[in-house]
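Okay, so here's the structure we're looking at.
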Amino acid sequence: MSFPLLTATAALPALGAIATAAVPAAQRVAAKWLALLVSLATLVLAIVVLVRFEPDGDRYQLTESHAWIADFGVRYELGVDGIGVALVALTALLIPFIILAGWHDADPHETGAESLGSFAAGRWRPTQGFFALILAVEAMVIISFEATDVFLFYIFFEAMLIPMYFLIGGFGDKAHEHGDEVAATQRSYAAVKFLLYNLVGGLIMLAAVIGLYVVAGNFSLQAIAEARASGSLEMATNTERWLFLGFFFAFAVKAPLWPLHTWLPNAMGEATAPVAVLITAVVDKVGTFAMLRFCLQLFPEASKWATPVILVLALISIIYGALLAVGQRDIKRLVAYASISHFGFIILGIFAMTSQGQSGATLYMVNHGISTAALMLVAGFLISRRGSRLIADYGGVQKVAPVLAGTFLIGGLATLSLPGLAPFVSEFLVLVGVFARYPAVGIIATFGIVLAALYTLVLYQRTMTGPVKPQVAQLPDLRVRELLVVTPLIALLIFLGVYPKPLTDIVNPAVKQTMSDVHKTDPQPEVEAAK
C-alpha cells in the first residue's frame with residue numbers, strides 16, 4: 001500500500017498539537033519551537049503533495065479510501081483536485097508565519113497567569129495551549145480540503161469551530177481602548193457570536209447531509225457526482241434545491257457572505273493579529289472552497305437556479321464591505337470589512353459560471369490569504385508597539401519606522417489589487433468572467449475596486465504620513481523575527497503578481513471539470529462579421 005500522504009499532511013499537525021499541549025508548563029520556549037518545527041514539517045509534506053499532483057491527470061489524486069462506519073455508508077475518503085491542492089499548500093504555508101508572528105502573544109505576562117497564585121500559575125499553560133490550538137485548526141482545515149466523503153468533511157468543518165472559539169475568547173487582543181475588563185467581555189462576546197453563527201449554519205447543513213444520504217444512499221462525493229452525471233441518480237427539483245440551500249447556507253456563514261457576515265468584524269477585531277489571519281486567510285476559505293466542491297458538483301441545477309440571488313448578495317458584500325471599511329476607526333476592523341468585500345468577489349467569480357471567473361475566484365482565495373496575512377500581521381506589529389488599534393492614535397510612522405511603513409504599504413497595495421501584485425490577477429479574471437455573462441453585475445462590482453483604493457490609501461495616509469505624533473516617536477522598526485514573517489509574504493505577492501502561471505496551471509483543469517459539472521460553457525464573444 002502506498003504511503004498515505006494526504007493523511008500524513010493532516011495527521012502531523014494534529015499530533016503536533018497534542019505534543020505541544022503536553023510540554024511542561026515551564027518549557028514555554030520549547031513549546032513554541034516544537035509548534036514551529038511541526039508546522040514547517042507540514043509545509044514540507046504539502047510541497048510534496050503539490051509536486052506529486054499532476055494537473056492534467058485524474059480529477060482527484062493521491063486518493064485514500066477505507067471503510068469507516070460501514071452501516072451508514074461513511075468512508076474515510078481523501079483526494080485532492082487542483083483547487084484543493086492549492087488551498088492545502090496555502091494553509092501549510094501560512095501557519096509557520098502565524099506561529100512566528102504570535103511568538104509572544106500567549107506568554108504568561110500577557111495573559112495574567114501571575115495573578116492566579118504560584119500553584120495555579122505553575123500549572124497554567126497559555127503558551128502551550130495557544131500554539132496547540134493553532135496546529136489543531138491547521139489539521140482540521142487541511143483534512144477539510146482533502147475530504148471527498150461528505151460526512152467526513154462535515155465533521156471537520158464543524159470541529160474546527162472549537163479551537164477557534166478558544167483562540168478568539170481566550171487569547172484576544174490586549175490593545176483595547178476601554179481597559180482589560182471591557183476587553184475581556186468583548187472577546188467573550190466575539191467568540192460566542194462566532195460559535196453560534198457557525199453552529200447554526202452547521203446544524204442546517206447536517207440536516208441537508210442526512211437528506212443527501214436518504215436520496216443517494218451514501219456520502220461519497222465522487223460516487224454521487226458520477227451517478228448524477230450518468231443519470232442513474234435523479235433528484236426531484238425541489239429536493240435538490242432544498243439540499244443545495246442547506247449546504248450553501250453553512251458555507252455562506254463561513255465565507256462570510258452578506259447578511260451572514262456580522263460575526264467576522266467582532267472576531268477579527270478582538271482576536272490577536274495572527275489569529276485574525278487564521279480566521280480570514282485560512283478558516284474562511286473552507287466556505288468558498290466548499291461552494292465549488294460540493295454545491296456545484298452535487299447540485300448543479302440548483303446552483304444555476306440560485307445564481308441570480310447569490311450574485312446580488314455577492315454584490316452587496318463587495319460594496320457594503322468596502323463602504324464600511326472606509327468609515328472604520330479601528331485598523332483591524334477595517335481589514336475585516338475589506339475581507340468581506342473580497343469574499344464577495346470570490347463568490348461572484350464562482351457563480352459567474354465562467355472558467356475565467358472560477359479560475360479567478362480560486363486564485364483570489366490563495367492571493368487574498370497571502371495579502372491579508374501580510375497586511376494584518378504588519379498591522380499587528382504596529383498595534384503591539386503602540387498599544388492601540390485606533391487609526392487616530394497614529395501619524396508619521398514612516399519617519400520613525402520606515403521598513404514597517406514600507407511593508408504596510410505593500411500589503412495595502414496588494415489589498416487594493418495594484419497591478420504587479422498577486423491579487424490583481426485574481427480580481428481581473430473574476431471581473432472578466434463576470435463581464436462575459438453578466439455585464440451589469442461586472443460594472444457594479446468595479447466600484448468595489450475604487451472603494452478599495454480609498455480605504456487603503458486613507459488608512460496609510462492617516463497612520464504613516466504627516467507629523468510624527470509624540471506617542472509613536474520612539475516606535476522601533478521591524479525586528480529580525482518580524483522581517484522573517486513579512487519578507488517571504490511580500491516576495492510571494494510580487495512573484496505571483498508577475499508570474500501567476502504555476503498557480504493557474506494547477507487550477508485551470510479543475511475549473512474546467514467544475515464547469516462540466518454544471519453543464520456550462522463560456523459565452524462566445526460577439527464579433528461583428530467583416531464586411
Any side-chain heavy-atom pair from [X] and [Y] closer than 4.5 angstrom?
{"X": "Ile142", "Y": "Thr42", "answer": "yes"}
{"X": "Ile494", "Y": "Leu421", "answer": "yes"}
{"X": "Val49", "Y": "Leu45", "answer": "no"}
{"X": "Ile95", "Y": "Ile134", "answer": "yes"}
{"X": "Val80", "Y": "Phe145", "answer": "no"}
{"X": "Val286", "Y": "Phe153", "answer": "yes"}
{"X": "Leu496", "Y": "Ile370", "answer": "yes"}
{"X": "Leu243", "Y": "Phe299", "answer": "yes"}

Just by distance, do the side chain of [X] and the backbone of [Y] share a donor-acceptor pair under 3.5 Å?
{"X": "Asn367", "Y": "Ala422", "answer": "yes"}
{"X": "Thr307", "Y": "Ser303", "answer": "yes"}
{"X": "Tyr154", "Y": "Gly202", "answer": "yes"}
{"X": "Thr239", "Y": "Met235", "answer": "no"}
{"X": "Gln61", "Y": "Phe53", "answer": "no"}
{"X": "Asp149", "Y": "Phe151", "answer": "yes"}
{"X": "Thr446", "Y": "Gly442", "answer": "yes"}
{"X": "Lys332", "Y": "Met376", "answer": "no"}
{"X": "Arg437", "Y": "Met353", "answer": "yes"}

Got a second to check how far [X]'s [atom1] is from [Y]'s [atom2], nearest 0.5 Å?
{"X": "Leu375", "Y": "Leu334", "atom1": "CG", "atom2": "CG", "result": "8.5 Å"}
{"X": "Ser371", "Y": "Leu418", "atom1": "OG", "atom2": "CG", "result": "12.0 Å"}
{"X": "Phe194", "Y": "Trp263", "atom1": "CZ", "atom2": "CH2", "result": "5.5 Å"}
{"X": "Tyr76", "Y": "Glu64", "atom1": "OH", "atom2": "CD", "result": "5.5 Å"}
{"X": "Leu87", "Y": "Ile83", "atom1": "CG", "atom2": "CD1", "result": "8.0 Å"}
{"X": "Phe219", "Y": "Thr148", "atom1": "CZ", "atom2": "OG1", "result": "13.5 Å"}

Aromatic centroids of Phe157 and Phe251 separated by under 6.0 Å:
yes
May I ask you to check whether Phe343 and His261 place their ring centres under 6.0 Å from each other?
no
Side chain to side chain contact (heavy atoms under 4.5 Å, CB included) evaluation trace for Ile99 with Leu135:
CA-CA 9 Å; Ile99 289 174; Leu135 290 176; 4.2 Å; yes
What heavy-atom pair brings [X] and [Y] nearest, and what distance separates the two atoms?
{"X": "Leu503", "Y": "Ala86", "value": "CD1-CB, 4.2 Å"}
{"X": "Gly79", "Y": "Arg293", "value": "O-NH2, 3.6 Å"}
{"X": "Ile168", "Y": "Ala267", "value": "CD1-CB, 3.9 Å"}
{"X": "Ala445", "Y": "Phe345", "value": "O-CZ, 3.4 Å"}
{"X": "Pro13", "Y": "Glu138", "value": "CB-OE1, 3.6 Å"}
{"X": "Gln358", "Y": "Val511", "value": "CB-CG1, 3.7 Å"}

Using 30° and 60° as the class limits, which term best fits the ring planes of His368 and His342: parallel, tilted or perpendicular?
perpendicular
Whether Phe244 and Phe248 hold their rings parallel, tilted or perpendicular, with breakpoints at 30° and 60°:
parallel
Please lay out, stage by stage, how Ile347 and Ser317 fare under the test side chain to side chain contact (heavy atoms under 4.5 Å, CB included).
CA-CA 10 Å; Ile347 296 170; Ser317 289; over 6 Å; no
Tell me whether Phe166 at atom CZ has more than 12 heavy atoms from other residues, nucleotides or ligands lying less than 6.0 Å away.
no
Trp242, CH2: over 12 other non-hydrogen atoms inside 6.0 angstrom:
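No, because the 6.0 Å sphere around CH2 of Trp242 holds 12 heavy atoms or fewer from other groups.
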Any chance the side chains of [X] and [Y] put a donor and an acceptor closer than 3.5 Å?
{"X": "Ser65", "Y": "Arg75", "value": "yes"}
{"X": "Thr514", "Y": "Gln297", "value": "no"}
{"X": "Ser341", "Y": "Tyr455", "value": "no"}
{"X": "Tyr364", "Y": "Glu427", "value": "yes"}

Take Leu292 and Thr362 through the side chain to side chain contact (heavy atoms under 4.5 Å, CB included) test and state the conclusion after the steps.
CA-CA 9 Å; Leu292 277 166; Thr362 306; 3.8 Å; yes
Identify the residue among Thr288, Leu260, Val283 that makes a side-chain contact (heavy atoms from CB on, under 4.5 Å) with Lys254.
Val283
Checking Leu264 against Asp284 for the side chain to side chain contact (heavy atoms under 4.5 Å, CB included) test, could you report, in this order, the C-alpha distance in whole Å, the side-chain angles of both residues, the deciding distance, and whether it holds?
CA-CA 10 Å; Leu264 183 67; Asp284 287 354; 3.6 Å; yes
